[in-house]
Amino acid sequence: MNKTDKVVELYDKYVMNTYKRVPLCFEKAEGSKVWDIDGNEYLDFFPGWAVSGIGHCHKKVVDAIARQAKKLMHVSNNYYSEAQALLAKKIVEHSFPGKVFFSNSGAEANEAAIKLARKYGNQTGRFEVITMLKSFHGRTLATITATGQEKVKVGFEPLPEGFKHVPYNDLEAVERAIGFNTIAIMLEPIQCEGGINIADKEYIKGLRRLCDEKDLVLIFDEVQTGMGRTGQMFAFKNFGVIPDVMTLAKSLGGGIPIAACVARGKFADVLTPGTHASTFGGSPLVCAAGLAVFEAIEKEKLLQNANAMAAYLRKKLEALKEKYDFIGQIRNMALVVGVELMVKGDEIYKECLESGLLINCTQDRILRIMPPLNVTKKEIDKAVAILNNVLSKIKKG
Ligand SMILES: *Cc1c(COP(=O)(O)O)cnc(C)c1O
């Protein structure tokens, strides 16, 4: 029995079985590389569902955490901490004039956004949030209800009231769905779990117009697309539209659990003392990590690198598409990359893993590839070579 098998045995006995896991146990990582406890090396092109957006164990983040941990890790939010103030300032300066509420996970950031919208609508008796089919917003009761996929809801009924789903990228469907009770429209600018579905610019602009006309809150869930992944600090910047509320999590802390709900203008003061809180939210430790992530993206010019490497990766994937007729559309916005397959992707994902490349497969047929923003050409060459090798076997079989 190797070390991995021993850990798997402990999981079977002591850890709730809520995930489909592959028998891999990681011990350490650096940049785009990870090693398992039996010493095998992998190239990570899907680092922690996009959590390690600037690569694993980035030195600036590691140093910031170590420095802060020695000074002060947590204070309650009844007091002030400099790191939280500075990180909020940083997020606002990079997004839009407004204010930030900090929590610990994407679902919680979305809960804050939903509560904010409800609180705002309370004055006029409106409460309903329109969300999109195939969306993903988290696993709390409110956020599974917001999520436009049946599979996450089954068995948890009764669900909270006040959510309605419409097809993505369909402005008329949203228009039709808006009623007397509607208070917000919530969506991901790119549906990542949903299969890398990229919103049309005109659609996003239309949503903005609808929200302005009908006094609705436009909420962008940027939990996965935020922090440079789309080649801009936040995905909304690619659409020429500013949301009223934006949620962030995954890569905001460079590997540390931190999330944020950012609200613009008049929405920034909707949540008042006593209406929302989080014990751990925005502690000095996690905010120090968040500040280090921003510093790395700025100082190391990672947005430029992300755009350049995305173009390079896209070209190489297009070449694979030429070669293999079972590859459909390739969709990407910078380093949010989806490769559509006419065959099931599970096998390909597993074969890649066995060849030392970690990617993801979503919606059965979409390979999801999200290397860190500081990925190199050499690493892309290696990843695509592995993928090519795996695909060549699929072709024969
Ligand atoms: C991952 C994700 C969430 C949920 O975040 P958690 O930290 O798992 O609660 C919400 N929305 C989107 C778009 C996500 O990708």
Side-chain angles (χ1 to χ4, degrees), residues 16 18-20 49 101 103-171 173-195 197 199 207 210-211 214-226 243-250 257 259-263 267 270-271 275-278 281 362-363:
M16 276 196 207
T18 66
Y19 298 91
K20 254 198 305 190
W49 300 75
F101 174 85
S103 53
N104 317 290
S105 68
E108 281 175 90
N110 286 335
E111 284 271 349
I114 292 163
K115 278 183 74 178
L116 191 159
R118 284 257 180 124
K119 188 81 173 19
Y120 179 71
N122 203 246
Q123 310 155 11
T124 47
R126 298 179 294 160
F127 57 86
E128 191 177 75
V129 180
I130 296 175
T131 68
M132 306 305 146
L133 289 169
K134 290 196 178 170
S135 58
F136 183 80
H137 297 297
R139 295 289 194 160
T140 61
L141 272 178
T143 56
I144 60 170
T145 313
T147 294
Q149 302 188 57
E150 257 326 283
K151 65 178 185 195
V152 306
K153 309 179 200 236
V154 177
F156 298 107
E157 302 85 353
L159 297 168
E161 283 177 54
F163 293 89
K164 194 189 261 178
H165 309 309
V166 295
Y168 195 64
N169 256 337
D170 184 344
L171 190 62
V174 178
E175 235 169 329
R176 278 196 301 273
I178 295 171
F180 290 120
N181 296 328
T182 308
I183 190 57
I185 300 171
M186 177 170 173
L187 75 158
E188 302 146 90
I190 302 173
Q191 291 187 327
C192 295
E193 305 299 316
N197 308 317
L207 292 179
L210 282 178
C211 287
K214 298 180 190 294
D215 186 29
L216 308 176
V217 191
L218 183 59
I219 303 169
F220 280 6
D221 178 344
E222 291 227 25
V223 166
Q224 194 156 154
T225 55
D244 299 309
V245 175
M246 169 178 74
T247 57
L248 301 171
K250 294 211 163 78
C261 172
V262 194
F267 300 104
V270 168
L271 294 173
T275 59
H276 200 48
S278 168
T362 188
Q363 305 290 322

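This structure is a prediction, so every number in the text was calculated from the model and none was measured.
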Shortest non-hydrogen contact from Glu128 toward Ala177: OE1-O, 4.2 Å
Donor-acceptor pair, side chain of Lys153 and main chain of Thr145, under 3.5 angstrom: yes
Side-chain touch Cys192/Trp49, heavy atoms, less than 4.5 angstrom: no
The single option from Asp221, Thr147, Thr143 passing side chain to side chain donor-acceptor pair (under 3.5 Å) against His137: Asp221
Check: His276 main-chain N/O paired with Lys115 side-chain donor or acceptor under 3.5 Å: no
Any donor-acceptor N/O pair, Glu111 side chain to Ala109 backbone, under 3.5 Å: no
Separation of Leu187 CG from Ile130 CD1 (nearest 0.5 Å): 11.0 Å
pair Val217-Val270: side-chain heavy atoms closer than 4.5 Å: no
CD on Gln123 to CD1 on Ile183, rounded to 0.5 Å: 8.0 Å
Spatial distance of atom OG1 (Thr131) from atom CD1 (Ile185) [nearest 0.5 Å]: 11.0 Å
Beyond-backbone contact of Thr182 with Lys214, side-chain heavy atoms, under 4.5 angstrom: no
Residue pair Ser103 / Ser278: nearest heavy atoms and the distance that separates them: CA-OG, 4.1 Å
Distance (rounded to the nearest 0.5 Å) between Phe163 CZ and Phe127 CZ: 10.5 Å
Smallest separation among heavy atoms of Ala117 and Ile219, with atom names: CB-CD1, 4.2 Å
Shortest non-hydrogen contact from Leu216 toward Ile178: CD1-CD1, 3.8 Å
Check: Ser135 main-chain N/O paired with Glu193 side-chain donor or acceptor under 3.5 Å: no
Over 12 foreign heavy atoms within 6.0 Å of NZ, Lys134: no
Beyond-backbone contact of Glu188 with Met132, side-chain heavy atoms, under 4.5 angstrom: no
Steps toward side chain to side chain contact (heavy atoms under 4.5 Å, CB included) verdict (Thr140, Asn110): CA-CA 10 Å; Thr140 61; Asn110 286 335; over 6 Å; no
Side-chain touch His165/Glu150, heavy atoms, less than 4.5 angstrom: no
Any Tyr168 side-chain heavy atom under 4.5 Å of Gln191 side chain: yes
Side-chain touch Val245/Phe220, heavy atoms, less than 4.5 angstrom: no
Whether Phe267 and Tyr120 hold their rings parallel, tilted or perpendicular, with breakpoints at 30° and 60°: perpendicular
Heavy-atom check, side chain of Val166 versus side chain of Arg176, under 4.5 Å: no
Closest contact, heavy atoms only, Leu207 versus Leu171: N-CD1, 3.6 Å
CD (Glu161) with more than 12 external heavy atoms under 6.0 Å: no
Nearest heavy atoms of Ile114 and Ala146, plus distance in Å: CD1-CB, 4.4 Å
